[in-house]
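Taking it in order: structure first as C-alpha cells, then the write-up.
Counting begins at 1 with the first residue of the sequence.
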Amino acid sequence: MAKRTKGGGATPATRALAAAGLTYTEHPYEHDPAAPSYGLEAAEVLGEPPERVFKTLLAQTDLPRDHGLVVGIVPVAGQLDLKALAAAVGAKKATMADPALAERTTGYVVGGISPIGQKRPLTTVLDESALGHDTVFVSGGRRGLDLEIAPEDLVRATTAVTAAIARV
C-alpha cells in the first residue's frame, strides 16, 4: 500500500499521517447526504466488507480528563459496547457524547470524524477485530473520504489501546 493522494486536499488526518511517516491510501467517494449510515455507505461505495470499515464514535465517561471524552473505533457492521469501552479505559460508565461536543473537541463534523489528527488527542480504543485485517478503513476527516491503513499504524497514529468494544 503506497501513500497517495487522489485529490480533494489534505485534512488534519492526512497531514498527521504524513508527518508521522505512516503509509495510508486515500479513498475519496461521492457522499450521498441522504445516506442513512455514513459508515455503511462508505463500505458499499468502496466495495469493502463492513467488517473492514470502521467508524469513529465519541463517548462521555466519568474520567477526569478531556471532559471524560473517549474515542471508540468499531466496525460499521456493529455497535459500540459502551460498558466494554468504559472497562477498557478504567471508567465506571460511558454514554454517547453529544454530537456538538464531539465536533468541537475533534475539529471534525459528524459523519467525517477521523480518529486521526483530532484537535486534541483523546483516549482512544480500537476494537480488537481490526487486528485480524491487513488494512482497515477509517474516516479521513470529511464525509466522502476514507483512509486505508494497517491497524498497527492506526494504533500508532492514535496511541490507541485495543480491546473487544464492538457488539455485532
Side-chain angles (χ1 to χ4, degrees), residues 1-18 20-59 70-85 88-89 94 96-97 102 106 108-118 121-168:
M1 178 173 44
K3 189 185 313 178
R4 63 179 183 220
T5 303
K6 292 184 181 177
T11 66
T14 59
R15 286 192 292 274
L17 289 172
L22 297 173
T23 300
Y24 65 95
T25 303
E26 291 186 34
H27 292 274
Y29 61 91
E30 192 64 40
H31 165 65
D32 177 1
S37 165
Y38 297 113
L40 290 174
E41 175 197 25
E44 183 179 325
V45 171
L46 297 173
E48 295 296 334
E51 298 78 24
R52 277 189 66 208
V53 180
F54 284 67
K55 57 188 169 185
T56 305
L57 301 169
L58 269 73
V70 173
V71 176
I73 310 168
V74 297
V76 300
Q79 293 182 324
L80 177 61
D81 181 333
L82 291 165
K83 267 185 141 168
L85 179 68
V89 298
M96 291 306 296
T106 64
Y108 294 117
V109 297
V110 169
I113 295 178
S114 179
I116 305 159
Q118 296 179 357
L122 298 172
T123 301
T124 301
V125 183
L126 173 63
D127 185 67
E128 64 186 15
S129 67
L131 301 176
H133 303 285
D134 291 336
T135 62
V136 294
F137 294 77
V138 294
S139 174
R142 69 171 186 270
R143 296 172 186 153
L145 176 64
D146 266 33
L147 304 177
E148 184 178 3
I149 186 169
E152 297 80 9
D153 287 342
L154 179 57
V155 166
R156 239 179 256 119
T158 60
T159 63
V161 297
T162 58
I165 60 166
R167 281 192 317 232
V168 202

Measure the [atom1]-[atom2] distance between [X] and [Y] for me, rounded to the nearest 0.5 Å.
| X | Y | atom1 | atom2 | result |
| --- | --- | --- | --- | --- |
| Leu17 | Glu26 | CG | CD | 9.5 Å |
| Ile165 | Glu128 | CD1 | CD | 9.5 Å |
| Ile113 | Thr106 | CD1 | OG1 | 4.0 Å |
| Glu152 | Thr162 | CD | OG1 | 10.0 Å |

- Task: Could you check Leu58 against Leu122 for side chain to side chain contact (heavy atoms under 4.5 Å, CB included), going step by step and ending with a plain yes or no?
- Result: CA-CA 9 Å; Leu58 269 73; Leu122 298 172; 3.9 Å; yes
- Item | More than 12 heavy atoms of other groups within 6.0 Å of Glu44 CD |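 No, because the 6.0 Å sphere around CD of Glu44 holds 12 heavy atoms or fewer from other groups.
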- Item | Verdict with supporting geometry, Val74 and Lys55, side chain to side chain contact (heavy atoms under 4.5 Å, CB included) | CA-CA 6 Å; Val74 297; Lys55 57 188 169 185; 3.7 Å; yes
- Flag side-chain contact, heavy atom, 4.5 Å: Arg142 against His31: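 In short, these two side chains do not touch, never coming nearer than 4.5 Å.
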- Side-chain heavy atoms of Val168 within contact of Glu51, under 4.5 Å: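 No, side chains not in contact.
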Minimum-distance pair of heavy atoms, taken over all atoms of [X] and [Y]:
| X | Y | answer |
| --- | --- | --- |
| His133 | Pro151 | O-CG, 3.2 Å |
| Pro75 | Pro50 | CB-O, 3.9 Å |
| Tyr38 | Tyr29 | O-OH, 4.1 Å |
| Phe137 | Leu46 | CD2-CD1, 4.0 Å |
| Ala43 | Val76 | CB-CG2, 4.4 Å |
| Pro115 | Ile73 | CB-CD1, 3.5 Å |

- Message: Please identify which of these residues, Glu41, His27, Glu48, meets the side chain to side chain contact (heavy atoms under 4.5 Å, CB included) condition with Val53.
- Response: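 With Val53 as partner, side chain to side chain contact (heavy atoms under 4.5 Å, CB included) holds for just one option, Glu48.
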- Message: I need the single residue from Val138, Leu22, Asp153 that forms a side chain to side chain contact (heavy atoms under 4.5 Å, CB included) with Ile116. Which is it?
- Response: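 Filter result, single survivor: Val138.
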- Query: Hey, mind stepping through Val45 and Glu30 against side chain to side chain contact (heavy atoms under 4.5 Å, CB included) and telling me if it holds?
  - Reply: CA-CA 8 Å; Val45 171; Glu30 192 64 40; over 6 Å; no
- Item | N/O donor-acceptor pair under 3.5 Å between Thr25 side chain and Glu148 backbone |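 A pair under 3.5 Å: no.
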- Query: What pairs with Ala160 under side chain to side chain contact (heavy atoms under 4.5 Å, CB included), at least two apart in sequence or on another chain?
  - Reply: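 Side chain to side chain contact (heavy atoms under 4.5 Å, CB included) check on Ala160 returns Thr124, Leu126, Thr158.
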